[in-house]
Amino acid sequence: MGFVLCTILMVLSILSTTQSPPAPVIDSHQHLFSPAAGALVTGKPDSPGISAHNLIELLDAAGIQRALVLSMAYTWGKASRAPVANEYEQVKAENDWTAQQVAQYPDRLRAFCSFNPLKPYALEELARCHKDPQLHYGLKLHFGNSDVDLDNLDDVAKVRKVFEAANRYRMPIVVHLHTSIDKQRKYGAEETRVFLDQLLTAAPDVPVQIAHLAGSGGFDAATDAALGVFTDAIAKHDARMKNVWFDAAVVVRPSMSPDDLQRIAARIRQIGIKRVLYGSDAPASPLVYPKAGWAAFQRLPLTTDELRVVASNIPPYMRNFAKK
Ligand SMILES: [Zn+2]
């Protein structure tokens, strides 16, 4: 009997180490688009946008329970697009539409408010979101879309005020740190040091999630240099990094070589697997649907146990959901 039991246990343990990891509990980087925002970004006036109902179907197909929905309101103030009429009205409408969408699935979805932090209405909108029952959970900033130039002292001072206010309101921040590609802004170690010294220090009491492992999707030399500043700080137990999380949304591309994948996996281990979050990004094409995104992430040469940890990581702002 001892031998049989032993054999069964051995087979079970082999099975459990070769089995694929469970689906992530949380998709920490999602977006919805109102029909108006869909029309704006695609240029198609009849765009249906992406609704909460659409997203829930895609999460179900991937076996993912919950998603952090980052409002697309900032795109109404996109720096490299011609200005829109009544911009601030559109920003408010997009944040409010997103709030109404997630409110339909209180046990599955949570929204973060957004806007371009360089605009004159930035602090007013943050205060408005702070009072909203759906939008007070946090703030998403997109430095690339909003053209926050980290080499420009005026830009940094404006964004610092937004960080200070978010910290006062205890609103966590998700930041797409990579500067504008359209405007060919510099991005790398130097800019990341500005972020660490000037901005992160303004929000010491809230979690901060760095999107796309500090890149903008994919993983190039500039992203690696930026991420290196963070991993060096983590290695030195820099207290500023204690509340910092990283999402890996759309980092793994189909064309990536084994060397690229090794480099990303090494960086993930330097960050520490416990603070790396799975994210899919907007389901604009089947290639980035949550199911496909998680399959892509699993191409990284991480162990099943490491993947399991990423899949089970829950950042503080995605806890305490309403029960159905
Ligand atoms: Zn995104």
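Given the structure is predicted, the values throughout are model-derived calculations rather than measurements. One is the number of the first residue; the rest follow in order along the sequence. Atoms within a ligand are numbered from 1 in the order they appear, just like the ligands themselves.
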Is it true that E190 and R193 make a salt bridge, defined as a side-chain N closer than 4.0 Å to a carboxylate O? no
Contact between H212 and D281 at the side-chain level, heavy atoms closer than 4.5 Å - yes or no? yes
What is the name of the N/O/S atom in D281 that sits closest to the Zn ion (ligand 1)? OD1
Between the side chains of K158 and D155, is the shortest nitrogen-to-carboxylate-oxygen separation below 4.0 Å, so that they form an ion pair? no
With a cut-off of 2.8 Å, does any N, O or S atom of H212 fall short of it relative to the Zn ion (ligand 1)? no
Under a 4.0 Å N-O cut-off, is there an ion pair linking D151 with R185? no
Which atom, counting only N, O or S, brings H31 closest to the Zn ion (ligand 1)? NE2
